[in-house]
Each structure stands twice: as structure tokens, then as C-alpha cells.
Amino acid sequence: MMYLDYAELGEPPLGVFEAKEKPQRDPNEYRFRLAKARRRVIRERLHELTTSIDRILPRMLKGVRRGDDARLDDPRVRQISDPNSEIERLMDDTAARVGRWSDLHRHIYFGQDRSARRSP
């Protein structure tokens, strides 16, 4: 019907093309805005988590000798391991885990300095 209306007016049916593409354009715009908002929220949460770990870790390790093989039994370990696990979940597969990425998990699991377990 819109084509006929435009034909009667003698104009190109540009409005018809726009109306035809609108249903596809709306979900794409919604997905774009949702992904953008999601990235912003995740970035803010990652900042909170890393700040928390950075604040707790030095206090927890205060007085522990480097290379000490005694197990670190500190209730604050959970305050580091929980945020670290959440960081893993939030990052999902968006970044490659290279280098020493898994060291913190390993240190938390064993509760020891990595250098203490090296054989002479």
C-alpha cells in the first residue's frame, strides 16, 4: 500500500525501505547498547575486585618471609580467592591467559610461595 501511495505522489519509496529495515535495525541497536552497558558494568566490577585484592594482599603477606614453605592459614585468603574467581568468570574468554596468569590461583591453592617448592 505504501508503494502505491508513493507512486501517486511521484516520489521514490524511501520511506518504504526505511520501514522495511526498521524491524531488523531495532534489535541490532538494542544488542549494541546492551553489550556496551554490559562491558561498562563488568569494567567497573573488575576495577572494584582488583582494588580489593590489591588492598588485602599486602596486609595479608606482611611478616611472611619470601620463600617460606609454611602454609599460610589466614582467613583473608578467601577475601582474595573469591574476588579472583569472580574476575575469571567476568573475563570469560575475552582475554588470553598467558604468562603468570594462573600463579595467583596456584599460590592460593597451596597457600605457599612458589619459590619455596623448587628443588635445589
Student: Mind checking the CG-CD1 spacing from Leu57 to Ile80? Nearest 0.5 Å is all I need.
Tutor: 4.5 Å
Student: In chain order, what residues pass the side chain to side chain contact (heavy atoms under 4.5 Å, CB included) check against Ser81, with sequence neighbours excluded?
Tutor: Arg78, Ile108
Student: What's the separation between atom CD1 in Ile53 and atom CD in Gln79, rounded to the nearest 0.5 Å?
Tutor: 11.0 Å
Student: Can you sort out the partners of Glu48 under side chain to side chain contact (heavy atoms under 4.5 Å, CB included), two or more places apart, ordered by chain and number?
Tutor: Arg45
Student: What pairs of donor and acceptor atoms, side-chain ones from residues 31-42 against any protein atom, are under 3.5 angstrom apart with sequence neighbours left out?
Tutor:
from	atom 1	to	atom 2	distance (Å)
Arg31	NH1	Asn28	OD1	2.7
Arg33	NE	Glu29	OE2	3.0
Arg33	NH2	Glu29	OE2	2.8

Student: So do the side chains of Asn84 and Leu49 get within less than 4.5 Å of each other, counting heavy atoms only?
Tutor: no
